[in-house]
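Here the structure is laid out as structure tokens; the discussion comes afterwards.
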Amino acid sequence: MGWEVIFGFVKRVPKGRVITYGQLARATKLRGGARAAGYAMAACPKGRGIPWHRVVGAGGRILLSEPRASLQRRLLESEGVEFRGSRIEMEGREWFPPKPRKRRPRAQR
DNA sequence: CATCTGACGACCG
DNA sequence: GCGGTCGCCAGAT
């Protein structure tokens, strides 16, 4: 196996939320760090329902090259993700996997 | 087996 | 804010 763990993880990112390559790498304890996460996404198999567009660069930057960058932006905006300039408004949009915790102590903001 | 090829990010000047 | 350095993986040819 190679990147399967990454793809499976990306599939869990909810609509309207995003995750960065760096987080992806840390969350899956990927050796090779963020770069490896990037390599993985580059090899992301299409047609498996993987929300690839929810994976963004650190600081909310779109790292793809055209025309994919525009497509990603469009897809994200259609999910309600806001942009400020060329950056994604990351406030509260960054997603992290649910911890094996008991439950949400209270409503989030 | 040798090379090439990509969706990264932290750090520094 | 911009550009360069460095560490880094897996699949294809």
Side-chain angles (χ1 to χ4, degrees):
Chain A
M1 53 172 74
W3 308 117
E4 285 308 311
V5 55
I6 295 294
F7 305 145
F9 203 92
V10 174
K11 266 198 278 194
R12 301 169 55 190
V13 181
K15 181 180 175 186
R17 309 294 297 279
V18 297
I19 188 171
T20 64
Y21 295 94
Q23 275 180 40
L24 205 43
R26 286 194 292 274
T28 58
K29 299 181 178 64
L30 228 203
R31 289 204 307 123
R35 188 75 178 271
Y39 293 140
M41 291 312 289
C44 182
K46 302 178 195 290
R48 251 210 280 170
I50 299 172
W52 59 269
H53 58 282
R54 297 183 188 143
V55 182
V56 302
R61 285 193 307 278
I62 297 295
L63 301 175
L64 299 188
S65 50
E66 295 300 340
R68 283 178 302 182
S70 297
L71 172 59
Q72 180 173 26
R73 176 165 182 155
R74 207 181 74 232
L75 289 171
L76 287 172
E77 290 180 320
S78 73
E79 294 186 348
V81 175
E82 294 172 39
F83 279 72
R84 196 169 52 207
S86 56
R87 299 280 200 89
I88 286 169
E89 175 53 75
M90 296 293 274
E91 290 297 315
R93 279 267 153 42
E94 230 172 330
W95 180 80
F96 199 76
K99 301 175 183 177
R101 268 295 185 208
K102 292 193 157 191
R103 86 182 37 285
R104 52 158 183 0
R106 59 186 57 189
Q108 57 196 89
R109 297 206 89 273

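Basis for what follows: all heavy atoms, side chains included, without hydrogens, waters or symmetry-related copies. Just so you know, these numbers come straight off a predicted model, no measurement behind them. So that the names make sense, note that chain A is the first sequence line, chain B the second, and so on, each numbered from 1.
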- Query: C1' atom, dG7(C) versus dG6(B): distance in rounded Å?
  - Reply: 16 Å
- Message: If you define the side chain from C-beta out and look only at heavy atoms, does anything of L30(A) sit under 4.5 Å from L24(A)?
- Response: no
- Task: May I ask you to list the residues of residues 41-52 of chain A, by number, that have any heavy atom positioned under 4.0 Å from an atom of DNA chain B?
- Result: M41(A), A42(A), C44(A), W52(A)
- Which residues pass the side chain to side chain donor-acceptor pair (under 3.5 Å) test with Y39(A), sequence neighbours left out? R35(A)
- Query: dG6(B) P sits how many Å from W3(A) CH2, rounded?
  - Reply: 15 Å
- Message: The criterion is salt bridge (Lys or Arg N to Asp or Glu O under 4.0 Å); which residues satisfy it with E79(A), sequence neighbours excluded?
- Response: R54(A)
- Below 4.0 Å: OP1/OP2 of dA7(B) and any side-chain N or O of R68(A): yes
- Query: Rounded to whole angstroms, how far apart are CG on L30(A) and C1' on dC9(C)?
  - Reply: 8 Å
- Task: Please name all residues satisfying salt bridge (Lys or Arg N to Asp or Glu O under 4.0 Å) with R93(A), sequence neighbours left out, ordered by chain then number.
- Result: none
- Item | Protein-to-nucleotide contact annotation, 5' to 3' order, nucleotides 8-13 of chain B [B base; S sugar-phosphate only; - none; under 4.0 Å, heavy atom] | BS----
- Query: Roughly how many Å is it from CG in L24(A) to C1' in dC8(C), rounded to a whole number?
  - Reply: 15 Å
- Residues in ring-ring contact (aromatic ring centres under 6.0 Å, His included) with W95(A), at least two apart? F9(A)
- Query: What pairs with S70(A) under side chain to side chain donor-acceptor pair (under 3.5 Å), at least two apart in sequence or on another chain?
  - Reply: E66(A)
- Query: How many angstroms lie between CE in M90(A) and CZ in R17(A), if you round to the nearest 0.5 Å?
  - Reply: 10.0 Å
- Message: Just to verify, what does A43(A) make a side chain to side chain contact (heavy atoms under 4.5 Å, CB included) with, not counting sequence neighbours?
- Response: W3(A)
- What's the CZ-C1' distance between F9(A) and dA7(B), to the nearest Å? 17 Å
- Here the ring-ring contact (aromatic ring centres under 6.0 Å, His included) pairs for residues 51-94 of chain A, sequence neighbours left out, are none
- Under the salt bridge (charged side-chain N to carboxylate O under 4.0 Å, His left out) rule, what pairs show up with a residue in residues 19-31 of chain A, not counting sequence neighbours? none
- Note on the structure: Under a 4.0 Å heavy-atom cutoff, the residues of residues 71-91 of chain A touching DNA chain B are none
- Note on the structure: Those residues at least two apart in sequence (or on a different chain) that pass side chain to side chain contact (heavy atoms under 4.5 Å, CB included) with E82(A) are E89(A)
